[in-house]
Visitor: 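If you scroll down you'll find the structure; I have some questions about it.
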2 protein chains.
Amino acid sequence: MSGTSPGMDITTLSALAEPNRMNIVQLLRSGPLAVGEIADRLGLRQPQASKHLKVLSDSGIVEVRIDANRRIYTLRPEPFQAMDSWVQSFRHLMEERFDNLDNYLRELQNKDKP
Amino acid sequence: MSGTSPGMDITTLSALAEPNRMNIVQLLRSGPLAVGEIADRLGLRQPQASKHLKVLSDSGIVEVRIDANRRIYTLRPEPFQAMDSWVQSFRHLMEERFDNLDNYLRELQNKDKP
DNA sequence: AACGAATATTCCCGTCAAGGAATATTGAGA
DNA sequence: TCTCAATATTCCTTGACGGGAATATTCGTT
């Protein structure tokens, strides 16, 4: 069962596949933030911010640190590492990424054999 | 503009955030396939397979080559490259990936200043 | 031209996710 | 203990999405 790649975890992807949540993630790249801050900066109402953060939290993308009244949310590395290694398993498709010079040369060659 | 990714394209993510479509993508890793093959191997009915392939196609994850009666679907590299560079922009979070030894040392240090 | 194989499209239906508004919870402090 | 600030939770409604079944389209073959 737990053998080879069932594929990327779906919940991570669907958590990210929503604009507000994607914005939250982008925002948190620069550091941990409290719910109020997040809501303010993204123009969200507090309850919606909390809901989206719950989804992100349930999917493991984000973790929370309790500070008195506030909850400080932070990005967790694991889901990104997982995405990274999943995407890397498609190297064979994206050969062009590995070496820019190589890529450039490949581009030139394509003009000869299209 | 060319700074950090404005954010990953949502449609790519939501296209992948569905089990059957994820399975199709995994299946296509080993090479192009016709709709019937895909449906067969994944235990899908043909119409559902077509629908999912349309979503994948609309989002640019897959492209189609027409061969008489059949449509042969193939993975396109671009979305994966995009995901790759997006995920890479989170390197600062995933430092632990770079060097396992470094990670191990970091773990030890965390026991001293928590 | 007619038929069959392969695929796409349409219609209907049930489910689920997201926003809005109101309310509950928790903690700090007077 | 009362109150305020910060956050989570609930209820409701609406719209999007996926599956099922049937039908339309397209191409090769006879």
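First the proteins, then the strands, lettered A, B, ... as listed; each starts at 1.
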Visitor: Which letters describe nucleotides 24-30 of chain D, given B = protein heavy atom under 4.0 Å from base, S = only from sugar-phosphate, - = neither?
Guide: --BBS--
Visitor: What integer distance in Å separates Arg21(A):CZ from dG19(C):P?
Guide: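 Checked: the CZ to P distance equals 8 Å.
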Visitor: With a 4.0 Å cut-off on heavy atoms, is Lys51(B) in touch with a base, just the backbone sugar-phosphate, or nothing at all?
Guide: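 If one applies the 4.0 Å heavy-atom cut-off, Lys51(B) turns out to touch a base.
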Visitor: For Ala82(B), check side-chain contact (heavy atoms from CB on, under 4.5 Å) against everything at least two apart and list the hits.
Guide: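 Checked Ala82(B) against side-chain contact (heavy atoms from CB on, under 4.5 Å); zero matches.
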Visitor: Is the phosphate of dA28(C) approached by Arg70(A) (side-chain N or O, under 4.0 Å from OP1 or OP2)?
Guide: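 Result: no.
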Visitor: Rounded to the nearest angstrom, tell me the gap between atom CG in Asp40(B) and atom P in dA5(C).
Guide: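 The distance from CG of Asp40(B) to P of dA5(C) comes to 14 Å, rounded to the nearest Å.
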Visitor: Decide if atom CZ of Arg76(B) counts as having more than 12 heavy atoms of other residues, nucleotides or ligands within a radius under 6.0 Å.
Guide: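 For Arg76(B), atom CZ is crowded (more than 12 foreign heavy atoms under 6.0 Å).
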Visitor: For His52(A) and dA17(C), give me the distance from atom NE2 to atom P, rounded to whole Å.
Guide: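 Roughly 13 Å, once rounded to whole Å.
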Visitor: Using five pairs at either end of the helix from dA1(C)-dT30(D) to dA30(C)-dT1(D), determine the angle between the two local helix axes and round it to 10 degrees.
Guide: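 So the angle between the two local helix axes works out to 10°.
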Visitor: Under 4.0 Å between any heavy atoms, over every strand shown, what does Ala49(B) touch: base, sugar-phosphate, or nothing? Just pick one.
Guide: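 Answer is nothing: Ala49(B) stays at 4.0 Å or more from every strand.
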Visitor: Using residues 59-69 of chain A as the side-chain source, report each donor-acceptor pair under 3.5 Å to any protein atom, sequence neighbours left out, with the distance given to one decimal.
Guide:
unit_1: Ser59(A); atom_1: OG; unit_2: Val55(A); atom_2: O; d: 3.4
unit_1: Ser59(A); atom_1: OG; unit_2: Leu56(A); atom_2: O; d: 3.1

Visitor: In whole Å, I'd like the distance from the CG atom of Asp58(B) to the P atom of dC17(D).
Guide: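 Going from Asp58(B) (CG) to dC17(D) (P), I get 11 Å.
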Visitor: Which nucleotide in the list dC11(C), dG20(C), dA18(C) gets nearest to the side chain of Gln48(A)?
Guide: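 Of all the options, the side chain of Gln48(A) is nearest to dG20(C).
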Visitor: Could you go through residues 45-53 of chain B and list every donor-acceptor pair under 3.5 Å that involves a side-chain atom there, pairing it with any protein atom two or more places apart or in another chain?
Guide:
unit_1: Gln46(B); atom_1: NE2; unit_2: Ser50(B); atom_2: OG; d: 3.2
unit_1: His52(B); atom_1: ND1; unit_2: Arg21(B); atom_2: NH1; d: 3.3

Visitor: Has Arg45(B) got a side-chain N or O lying under 4.0 Å from the OP1 or OP2 atom of dG20(D)?
Guide: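 Checking dG20(D) against Arg45(B), a side-chain N or O does come within under 4.0 Å of OP1 or OP2.
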Visitor: Grab the CD1-C1' distance between Ile72(A) and dG27(C) for me, whole Å please.
Guide: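 About 14 Å, once rounded to whole Å.
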Visitor: Got a sec, which pairs hit side-chain hydrogen bond (donor to acceptor under 3.5 Å, both in side chains) with one end in residues 31-41 of chain A, sequence neighbours left out?
Guide: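 Matches after skipping sequence neighbours: Glu37(A)-Arg41(A).
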Visitor: Rounding to an integer number of Å, can you tell me how far Asp67(B) CG sits from dT7(C) C1'?
Guide: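 Checked: the CG to C1' distance equals 13 Å.
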